[in-house]
Amino acid sequence: MKFNPANNIQDLQYFGEFGGVNPSISDSSTYTFLSAKTMFDTFEGNADGCYLYSRHSSPSNLYLGEALAAMEGTETANVAASGMGAIAPVLLQLCQSGNHIVSSRTIYGGTYAFLKNFTPRFGIETSFVDITKLETVAAAITPKTKVLYCEAVSNPLLEVADIPALAELAKKHNLQLVVDNTFSPLSIAPAKLGADIVIHSLTKFINGASDTVGGVVCGTQALIDQLRNVNDGASMLLGATMDSLRAASVLKNLRTLHIRMKQHSCNAMYLAKMFEADGLKTVYPGLPSHPSHEIFKRMMNSDYGFGGMLTIDVGSIEKANELMELMQEKNLGYLAVSLGFYKTLFSAPGTSTSSEIPPAEQVEMGLTDGLIRFSVGLDQDIQRTYQLMRECMEHLNILEPAMA
Ligand SMILES: *Cc1c(COP(=O)(O)O)cnc(C)c1O
């Protein structure tokens, strides 16, 4: 049967301690053992089903982790306190001093800063490449390379990684292909396309309520065991553990992700088509004009569409700021970073989420001044939203008034 991430989430069945339809929340940092021997075995990592200490694992975190592993089709998963709390330990677990990473150059600003400024302290160097050019990616691989890193749909430029082709390259050179799938949950299932490890910031679409930060690493049991190892596991030792109460709350939001993603995608497709028809420079993977439209189509689970993210370019940062302020004043969305909220969120990546990237590099990668990134909301009446956005653009002379 066809892989269906939403079915896989829904098919999991866990009941609460008293027959609750939601699993019970384990509100404990530590756990008792009936025998000292079992405690020892658990420390050594050999006592299945036993809990030791909640930085290591907790029932609530395991429930959420298993649901996310089912969504991505991996053996298991480990949840973390934030997306960066998932990304940093994975990279530090896979690499040691003297190793090398080949990364897409259009990635989340925090990940970019981590690889550019932080991991060199540990002797881990990164080459940043245009991930859409396979020859460039291949040419950057050296005998020291351990990891090939990218985002399925990149932040903020919405470049699409050809995951099957990158997986083939990774296999050939014995690298781990790590894919951040934060922008395209359900739509793209990187592990099914050959990625070794899939990461999410749960903060965004997956939780979808802008009320918490969270992250997850989905991969093999062996990898997750390594990350959690009490002696040398980066997740265990760096300590970015999610709290049980939060894990329970994210799990409940995950249950409606498929409905939300359909609406985000449908609304984003509508706005992208209208903006493009208006003559605005619009980037959306669902538009045939997108350079990787065909690649996305080949990879996607079509039920969930092309995602909720789009960008337009209004020419200058001044215009971008004026437009965002006006749209916020008209209550069409909020001038805020982050994504995946019920309300549309917009920001100018060059001055916000990608400000870690030096200006010269921003220009080189096509991150222009007038770029506005939209996380399109769950608006019931997107035609009305579009009309009101259009009025804002006309008011600011970004668009000519439409002929009646
Ligand atoms: C937000 C984000 C992250 C970081 O996640 P946090 O939860 O903020 O730590 C990583 N990757 C992408 C693509 C993101 O959008």
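For the single chain, residues carry numbers from 1 onward in sequence order. What you see is a predicted model; the values in this text were computed from it and never measured.
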Are D313 and T368 close enough that a side-chain donor and a side-chain acceptor fall under 3.5 Å?
yes
Pick one: which of H200, H258, H264 meets ring-ring contact (aromatic ring centres under 6.0 Å, His included) with F205?
H264
Using a 4.5 Å cut-off on heavy atoms from C-beta on, say whether the side chain of I197 contacts that of V90.
yes
salt_bridge(R246, D243) N-O dist < 4.0 Å:
no
If you look at every heavy atom in L134 and A165, which pair is closest and at what distance?
CD1-CB, 3.5 Å
Grab the two heavy atoms, one from G307 and one from S265, that are nearest each other, plus how far apart they are.
N-OG, 2.9 Å
Flag side-chain contact, heavy atom, 4.5 Å: V179 against E151
no
If you count every heavy atom of other residues, nucleotides or ligands that lies below 6.0 Å from F40 atom CZ, does the total exceed 12?
no
Q96, CD atom: more than 12 neighbouring heavy atoms under 6.0 Å
no
Is there a donor in the side chain of H100 and an acceptor in the side chain of S127, or the other way round, less than 3.5 Å apart?
yes
With under 30° as parallel and over 60° as perpendicular, where do the rings of Y386 and Y270 fit, or are they tilted in between?
perpendicular
Decide salt bridge (charged side-chain N to carboxylate O under 4.0 Å, His left out) for K273 and E276; before the verdict, give the C-alpha distance in whole Å, the side-chain angles of both, and the deciding distance to 0.1 Å.
CA-CA 5 Å; K273 278 186 180 156; E276 184 169 66; over 6 Å; no
With L91, the side chain to side chain contact (heavy atoms under 4.5 Å, CB included) member among L115, N99, T119
L115
Student check: side-chain heavy atoms of M71 and L186 closer than 4.5 Å:
yes
For Y31 and S54, run side chain to side chain donor-acceptor pair (under 3.5 Å): C-alpha distance rounded to whole Å, both residues' side-chain angles, the deciding distance at 0.1 Å, then the answer.
CA-CA 8 Å; Y31 304 82; S54 287; 2.8 Å; yes
Take atom NE2 of H173 as the centre, draw a 6.0 Å sphere, and report whether it contains more than 12 heavy atoms from other residues, nucleotides or ligands.
yes
Taking the side chain as every heavy atom from C-beta outward, state whether I163 and L177 have any atom pair closer than 4.5 Å.
yes
Step-by-step side chain to side chain donor-acceptor pair (under 3.5 Å) determination, T38 to D41
CA-CA 5 Å; T38 324; D41 289 343; 5.8 Å; no
Donor + acceptor pair across side chains of T132, E159 (<3.5 Å):
no
Going by the side chain to side chain contact (heavy atoms under 4.5 Å, CB included) test, name the single residue among I372, V283, L367 that passes it with P156.
L367
Is the terminal nitrogen or CZ of K343 (NZ for Lys, CZ for Arg) located under 6.0 angstrom from the six-membered ring centre of F374 and within 45° of that ring's axis?
no
Do we see a donor-acceptor contact under 3.5 Å between the side chains of S58 and S60?
no
Quick one about D225 and N229 (side-chain donor to acceptor, distance below 3.5 Å, no hydrogens or angles considered), yes or no?
no
Would you say R255 has more than 12 foreign heavy atoms packed within less than 6.0 Å of its CZ?
yes
Got a sec: does the CG of D381 have more than 12 other heavy atoms crowding it under 6.0 Å?
yes
Could you label the plane-to-plane angle of the F122 and F118 rings as parallel, tilted or perpendicular, counting under 30° as parallel and over 60° as perpendicular?
tilted
Shortest non-hydrogen contact between K144 and G98, atoms and distance
CD-O, 3.3 Å
Please determine whether side chain to side chain donor-acceptor pair (under 3.5 Å) holds for the pair N8 and N4, giving the CA-CA distance in whole Å, both sets of side-chain angles, and the decisive distance to 0.1 Å.
CA-CA 6 Å; N8 294 354; N4 188 318; over 6 Å; no
Between the main-chain N or O of M242 and the side-chain N or O of N61, is there a donor-acceptor pair closer than 3.5 Å?
yes
Just wondering, do T344 and S375 contact through their side chains at under 4.5 Å, heavy atoms?
no
Could you check if a side-chain atom of K297 sits within less than 4.5 angstrom of a side-chain atom of E294, using non-hydrogen atoms only?
yes
Residues F306, F296; criterion ring pair (Phe, Tyr, Trp, His ring centres under 6.0 Å); working and verdict:
CA-CA 8 Å; F306 293 88; F296 195 118; 5.0 Å; yes
Candidate pair T385 and D379, rule side chain to side chain donor-acceptor pair (under 3.5 Å), full reasoning
CA-CA 8 Å; T385 305; D379 309 31; 2.8 Å; yes
Can you confirm whether Q221 is buried at CD, in the sense that more than 12 heavy atoms of other residues, nucleotides or ligands lie under 6.0 Å from that atom?
yes
Are any of the side-chain nitrogens in K171 or E168 under 4.0 Å away from the carboxylate oxygens of its partner?
no
Less than 4.0 Å between a side-chain N and a carboxylate O, is that true for R390 and E394?
yes
Close side-chain approach of T42 and F33, heavy atoms under 4.5 Å:
yes
Just so I know, are the side chains of L378 and R260 near enough to count as touching, which here means a heavy-atom distance under 4.5 Å?
yes
Can the ring centres of F275 and Y284 be said to be less than 6.0 Å apart?
no
